[in-house]
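Below is one structure, written out as structure tokens; comments come after it.
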Amino acid sequence: MKKNIIAMNASIMIGLGSILAAPSVYAESISDLEKQKESIQEKRSGVESNISDTEKKIDNLQDKQMTAEEQIEAIEAKIAESTKKIDAKNAEITQTKKEIEALKEEIKVLKERIAKRNEVLKERALSFQETGGDVNYLEVLFGSSSFGDLVDRVGAVATIAEADRDILKQHELDKKELEEKQNAVEAKLASLEVAKAELLEIQKQQKQQKQEKDALVKKLKQQTEKHEHEKMGLEEEKANLAAQEKAIKSAINLEHQRLAELEAARKKAAAEAKKRAEQEAAQAAAQAASQASETKKQSTSSGSSAKSNSSSSAPSSSQVSSNVSQAPAVSSGTFTRPSAGYVSSTMGERWNKQHAGIDIAASGTVPVVAAADGVVSRSYFSSTYGNVIFVTHSIGGQQWTTVYAHLSSRQAGEGSVVAKGQQIGIMGNTGHSYGQHLHFELHKGAWNYSKSNAVNPLNYIPN
């Protein structure tokens, strides 16, 4: 009988020991979750620092862009000024050409005058050649009839000679004036053409500078747009990390709640075990009084022990099932398939970009289920993902994140605790999508903008 009591007490202690051991397991789980929370907080801090750096880059690029645009305005003002100068030179050139046309008429008159004088001079030269020149004047003088006539003839000869000298002098002056006018106008026109050419060259350089500045502004705008897009991605990553931190906190609270419930169950089980042990000890003492009834009491004790063992065993946990039509059966692995359909696109490079997950396509109303137990960290509409749900999982001390994108509708809000195989949405075609399908991503760790933690889901879910 004593041996039976010892065995019975041992059985109670084993059951109690399993209950007592459970809190340490949960404590390790909470410790893992706390580490994951700290890791997310560090990542958030890093992302915030990256956002700050990106904002500084954007500000710097915008300053450069503003400076370049101001320089472009200054260059455009210079181009406008040089254009005015070129227009002025063109007006001067036009006026000079008009002067040249007028001068041509003057030159024409001068040429006619010179031609007539040339004829007179030719006649004079011919007369000199035929008469010997000065002999004619002597004949005129000696042929005078009186002194008065001589004086008159001397005056006449002097006048004729002076006239000849004046003709020659005017002839030379007209020729010189003609040459000077031609040279002056041609020099002025050449000078204007040179000045215009210089202005055109300056304007050409100014336009080249403007083109370079325009190209610089375009480049700066592209870089700014790139950094702004990067900033948007980082802000989305920050929001996701904040949501994941919130989900981890929720998971920690659930673990604490489980631990509290388990501690209460442990105390209750310990009290009941102690009570049963006292009752069984009393029964054993009573049984010692009568050897005859000992067998009967032992039988009763065995039945009581069996009943005690049955009552102290842990209740079986019911598996959460998802009675969703067309949903795939929940698999026994770590992750289950998130929806029915065929894999239309695998993970890898696609359209010169990294496709960070897989696409599962199907027609009709297709339920989408959680790939594993977890907490919904984000549930919102994204311009690229469309209707999307992020679920944070803690499995064996490792954080995982699953992404379910392009949903037609979402059936799980942020902070919701979801079970493996539980429906969370309907397959759709929202966001940047071409045709109904589920875009499914699996990240070993937190989701980030660069998706560096993404792993191939086909290595983890049933095909």
Side-chain angles (χ1 to χ4, degrees), residues 42-95 190-243 349-356 378 380-386 388 405 430-434 446-454:
E42 289 178 2
K43 288 176 181 176
R44 276 186 66 188
S45 177
V47 170
E48 287 172 353
S49 177
N50 289 338
I51 290 173
S52 178
D53 291 342
T54 303
E55 286 175 344
K56 289 178 182 177
K57 290 178 182 177
I58 291 172
D59 291 340
N60 184 39
L61 287 168
Q62 288 176 341
D63 289 341
K64 289 181 178 179
Q65 184 177 325
M66 188 178 298
T67 301
E69 287 172 348
E70 289 173 353
Q71 290 173 346
I72 288 172
E73 289 180 4
I75 291 171
E76 287 175 343
K78 290 180 180 179
I79 290 173
E81 184 64 25
S82 61
T83 300
K84 287 181 181 179
K85 290 180 179 179
I86 290 169
D87 291 341
K89 290 299 176 187
N90 283 330
E92 287 185 56
I93 289 170
T94 301
Q95 182 60 33
S191 175
L192 289 170
E193 292 290 354
V194 169
K196 178 183 175 181
E198 289 175 352
L199 287 170
L200 288 171
E201 181 61 29
I202 291 170
Q203 191 177 66
K204 180 181 177 182
Q205 293 174 2
Q206 290 169 343
K207 288 181 178 179
Q208 179 65 31
Q209 290 174 355
K210 184 179 180 297
Q211 288 178 353
E212 292 172 358
K213 294 298 180 183
D214 286 338
L216 176 61
V217 169
K218 183 179 179 181
K219 182 180 178 182
L220 290 170
K221 284 182 178 179
Q222 290 174 343
Q223 290 177 344
T224 301
E225 185 178 349
K226 176 186 174 184
H227 286 302
E228 285 176 345
H229 184 70
E230 182 181 348
K231 180 187 172 185
M232 288 175 62
L234 289 169
E235 286 175 343
E236 186 173 4
E237 182 177 349
K238 178 184 173 182
N240 276 312
L241 287 170
E349 188 173 344
R350 186 179 70 174
W351 304 329
N352 296 322
K353 292 179 68 177
Q354 182 66 18
H355 189 230
R378 292 206 76 188
Y380 71 113
F381 184 87
S382 163
S383 60
T384 53
Y385 279 139
V388 60
T430 58
H432 192 63
S433 170
Y434 303 96
W447 180 96
N448 56 49
Y449 175 66
S450 62
K451 301 183 182 180
S452 59
N453 291 333

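Here the structure is a predicted model, which is why all the values come from computation and not from measurement. All residue numbers refer to positions in the sequence shown, counting from 1.
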ask   = Taking side chain as C-beta onward, heavy atoms only, is Gln62 less than 4.5 Å from Met66?
value = no

request  = Answer yes or no: are there more than 12 heavy-atom neighbours, outside Glu225 itself, under 6.0 Å from its atom CD?
outcome  = no

request  = Please round to the nearest 0.5 Å and tell me the distance separating atom CD1 of Ile79 and atom CD1 of Ile202.
outcome  = 12.0 Å

Enclosure of Lys451 NZ (heavy-atom neighbours >12, cutoff 6.0 Å) = yes

ask   = Counting only N and O atoms by type, is there a donor-acceptor contact under 3.5 Å from the side chain of Ser49 to the main-chain atoms of Ser45?
value = no

query = CD1 of Ile58 to CG of Asp63: how many Å apart, nearest 0.5 Å?
reply = 12.0 Å

key: Main-chain N/O of Lys56 paired to Asn60 side chain as donor or acceptor, under 3.5 Å   = no

message = Taking ring-ring contact (aromatic ring centres under 6.0 Å, His included) as the definition, give me every residue that meets it alongside His227, ordered by chain and number, with sequence neighbours left out.
response = none

ask   = Looking at Ala356 and Ala454, what are the two nearest heavy atoms and their distance?
value = O-CB, 3.8 Å

message = Using every non-hydrogen atom in the two residues, find where Thr430 and Phe381 come nearest and quote the distance to one decimal.
response = CB-CE1, 4.1 Å

query = Can you tell me how far CD of Gln203 sits from NZ of Lys85, rounded to the nearest 0.5 angstrom?
reply = 11.5 Å

task = Can you sort out the partners of Glu73 under salt bridge (charged side-chain N to carboxylate O under 4.0 Å, His left out), two or more places apart, ordered by chain and number?
result = none

request  = Under the side chain to side chain contact (heavy atoms under 4.5 Å, CB included) rule, what do Val388 and Arg378 come out as? Steps first, then yes or no, please.
outcome  = CA-CA 8 Å; Val388 60; Arg378 292 206 76 188; over 6 Å; no

note = So OG1 of Thr224 and CG of Leu61: to nearest 0.5 Å the spacing works out to 4.0 Å

Distance-only check: which donor-acceptor pairs under 3.5 Å involve side-chain atoms of residues 208-222, not counting sequence neighbours?
| from | atom 1 | to | atom 2 | distance (Å) |
| --- | --- | --- | --- | --- |
| Lys210 | NZ | Asp214 | OD2 | 3.0 |
| Lys213 | NZ | Gln71 | OE1 | 2.6 |

note = Minimal heavy-atom distance between Ile75 and Gln206, with the atoms involved, is CG2-O, 3.3 Å

request  = Give, for atom CD of Glu92 and atom CG of Asn90, the distance between the pair rounded to the nearest 0.5 Å.
outcome  = 9.5 Å

Closest heavy-atom pair and its distance - Tyr385, Ser382 = N-OG, 3.2 Å

request  = Among Leu199, Leu192, Leu200, find the one that has a side-chain contact (heavy atoms from CB on, under 4.5 Å) with Lys196.
outcome  = Leu200

query = Are the side chains of Glu201 and Glu198 in touch, meaning some heavy atoms are under 4.5 Å apart?
reply = no

message = Can you tell me how far apart OG (Ser450) and CD (Gln354) are? Round to the nearest 0.5 Å.
response = 11.0 Å

